[in-house]
Amino acid sequence: MKGGKPLLEIRNVKKSFGGIRAVDGVSFEVNPGRIKAIIGPNGAGKTTLFNLISGLYPLDSGEIRFKGRRISGLKPHRIASMGIVRTFQNVRLFPEMTVLENVMVGAHRLGKSGFLASIFKLPGTVREERRIREIAMEMLEFVGLADQADLPAGELPLGRQRLVELARALAARPELLLLDEPAAGLNIKETEELGELIVRIRERGVTIALIDHDMSLVMDISDEVVALNEGRKIAEGTPEEIRSNPLVIKAYLGEEGL
């Protein structure tokens, strides 16, 4: 559902590494059913911000809330269990495992069986594994890779590996999906297809926060854009507003804009 209360709230968040302020008092919201892009030059603090949201880094100060609940300070697995799932700049697959097995890893967070039940293949565990496999295949079908489910993931070209990683994230049934440079290394056609897929993901009810340097992708699919520079938010608005914002043009897009 679009509108209503924000799904994610970033409130005056700060994070330093040594004497460098990577994120400096950033605030914004992500509303349900929207695609929110975070842009900025290298070193602007974009990935650091995702690491703060997903619990990989602790905040120095500020607050992050998800569905009204404070999540800053929680461990990454707790945050993931609440429905925040992310991808990374660098593809992180298990290359020797099959495509299907990689996607099943994402769905396992939905399981309830314990370690001993898994070892002894108790009836509930068998049913659960079957359901996880079904979810994984559904997500591979969604991203267009069902016919490659049994191939080793490491044998796929980069573009398809990114689709496997995306399918794995979706198999975890996220409410909020954090995409960190999903178009990195893709050609123009692959990037266009990725954009169409991200929109389809949003249409399935998943809210998306997106980092990417491909401005055509960002401007084509985003509902709102936040621009960062040197750890600070310098602008926020629709793609059209960001495209013409003089601070954004100066800091990131070049004098000719987009």
Side-chain angles (χ1 to χ4, degrees), residues 6-31 34-67 69-80 82-92 162 165 169 174 176-185 207-215 217-219 222-237 239 241-243 245-254 258:
L7 187 66
L8 182 73
E9 301 169 80
I10 311 294
R11 295 283 177 254
N12 197 29
V13 167
K14 297 182 181 180
K15 180 65 181 179
S16 296
F17 299 98
I20 299 174
R21 182 65 60 84
V23 177
D24 190 1
V26 171
S27 297
F28 64 87
E29 297 174 349
V30 180
N31 290 316
R34 310 289 277 178
I35 299 175
K36 188 118 181 185
I38 298 96
I39 67 169
N42 290 330
K46 306 182 297 297
T47 294
T48 298
L49 186 60
F50 268 20
N51 289 338
L52 294 170
I53 296 169
S54 55
L56 293 178
Y57 295 160
L59 276 64
D60 291 342
S61 62
E63 183 179 62
I64 299 175
R65 288 183 171 271
F66 180 63
K67 297 194 293 187
R69 177 181 174 185
R70 182 186 177 108
I71 62 171
S72 37
L74 297 180
K75 298 295 184 182
H77 72 275
R78 289 281 309 280
I79 293 173
M82 295 172 67
I84 300 178
V85 179
R86 69 170 294 181
T87 64
F88 292 84
Q89 288 183 20
N90 300 317
V91 175
R92 299 187 178 187
R162 288 202 177 278
E165 188 171 51
L176 174 63
L177 180 59
L178 308 178
L179 299 178
D180 193 351
E181 298 281 5
T207 303
I208 296 167
L210 165 74
I211 295 171
D212 212 281
H213 283 293
D214 190 306
M215 288 298 100
L217 173 68
V218 167
M219 296 300 172
S222 300
D223 297 300
E224 298 104 19
V225 181
V226 172
L228 304 181
N229 190 36
E230 297 180 344
R232 299 184 184 93
K233 185 177 81 171
I234 58 171
E236 182 175 6
E241 291 168 339
I242 295 299
R243 192 191 302 271
N245 186 290
L247 291 177
V248 177
I249 294 171
K250 180 180 179 181
Y252 183 55
L253 304 177
L258 279 175

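Here the structure is a predicted model, which is why all the values come from computation and not from measurement.
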Worksheet item: CZ of Arg70: more than 12 outside heavy atoms within 6.0 angstrom?
Response: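 Enclosed: over 12 neighbouring heavy atoms sit under 6.0 Å from CZ of Arg70.
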Worksheet item: If you draw a 6.0 Å radius around CG in Leu56, do more than 12 non-hydrogen atoms from other residues or ligands fall strictly inside?
Response: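 More than 12 heavy atoms, drawn from other residues, nucleotides or ligands, come within 6.0 Å of this atom.
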What's the spacing between [X] [atom1] and [Y] [atom2] if we round to 0.5 Å?
X: Lys36; Y: Leu178; atom1: NZ; atom2: CG; value: 13.5 Å
X: Leu179; Y: Arg86; atom1: CG; atom2: CZ; value: 10.0 Å
X: Thr47; Y: Ile211; atom1: OG1; atom2: CD1; value: 4.5 Å
X: Leu52; Y: Ile64; atom1: CG; atom2: CD1; value: 5.5 Å
X: Leu74; Y: Ser54; atom1: CG; atom2: OG; value: 12.0 Å
X: Leu176; Y: Met82; atom1: CG; atom2: CE; value: 11.0 Å

Shortest non-hydrogen contact from [X] to [Y]?
X: Asp212; Y: Asp214; value: OD1-N, 2.9 Å
X: Pro41; Y: Ala251; value: CG-O, 3.9 Å
X: Ala227; Y: Val248; value: CB-CG2, 3.7 Å
X: Val13; Y: Glu63; value: CG2-O, 3.7 Å
X: Leu177; Y: Ala169; value: CD1-CB, 3.7 Å
X: Ile79; Y: Ile53; value: CD1-O, 3.6 Å

Practice prompt. Check the pair Arg34, Glu224 against side-chain contact (heavy atoms from CB on, under 4.5 Å), reporting the backbone distance first and the verdict last.
Written response: CA-CA 8 Å; Arg34 310 289 277 178; Glu224 298 104 19; 2.7 Å; yes
Practice prompt. Using the side-chain contact (heavy atoms from CB on, under 4.5 Å) rule, take Leu7 and Lys67 through it: C-alpha gap first, then chi angles, then the decisive distance, then the call.
Written response: CA-CA 5 Å; Leu7 187 66; Lys67 297 194 293 187; 3.4 Å; yes
Worksheet item: By ring pair (Phe, Tyr, Trp, His ring centres under 6.0 Å), which residues pair with Phe88, not counting sequence neighbours?
Response: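 With neighbours one apart ignored, the set is empty.
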Worksheet item: In terms of side-chain geometry, is the basic nitrogen of Glu29 or Arg11 positioned less than 4.0 Å from the acidic oxygen of its partner?
Response: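 Yes, Glu29 and Arg11 are salt-bridged.
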Where the side chain of [X] meets the backbone of [Y], is there a donor-acceptor pair that is under 3.5 Å apart?
X: Asn51; Y: Tyr57; result: no
X: Asp223; Y: Ile35; result: yes
X: Lys15; Y: Leu49; result: no

Worksheet item: Can you list the steps and then say if Ile39 with Ile242 is a side-chain contact (heavy atoms from CB on, under 4.5 Å)?
Response: CA-CA 10 Å; Ile39 67 169; Ile242 295 299; 3.9 Å; yes
Worksheet entry | Asn31 side chain reached by Pro6 side chain, heavy atoms, under 4.5 Å |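 When only atoms from C-beta onward are counted, Asn31 and Pro6 do touch, with a gap below 4.5 Å.
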Fill in: Member of Gln89, Arg162, His213 meeting the side-chain hydrogen bond (donor to acceptor under 3.5 Å, both in side chains) criterion with Glu181
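Per the side-chain hydrogen bond (donor to acceptor under 3.5 Å, both in side chains) rule, the option paired with Glu181 is His213, out of Gln89, Arg162, His213.
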Item to complete: Apply side-chain contact (heavy atoms from CB on, under 4.5 Å) to Val23 and Lys14, showing your working.
Response: CA-CA 5 Å; Val23 177; Lys14 297 182 181 180; 5.9 Å; no
Discussion item. For Phe50, does the six-membered ring have the charged nitrogen or CZ of Lys46 within the cation-pi criterion, i.e. under 6.0 angstrom from the centroid and within 45° of the normal?
Written reply: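 No.
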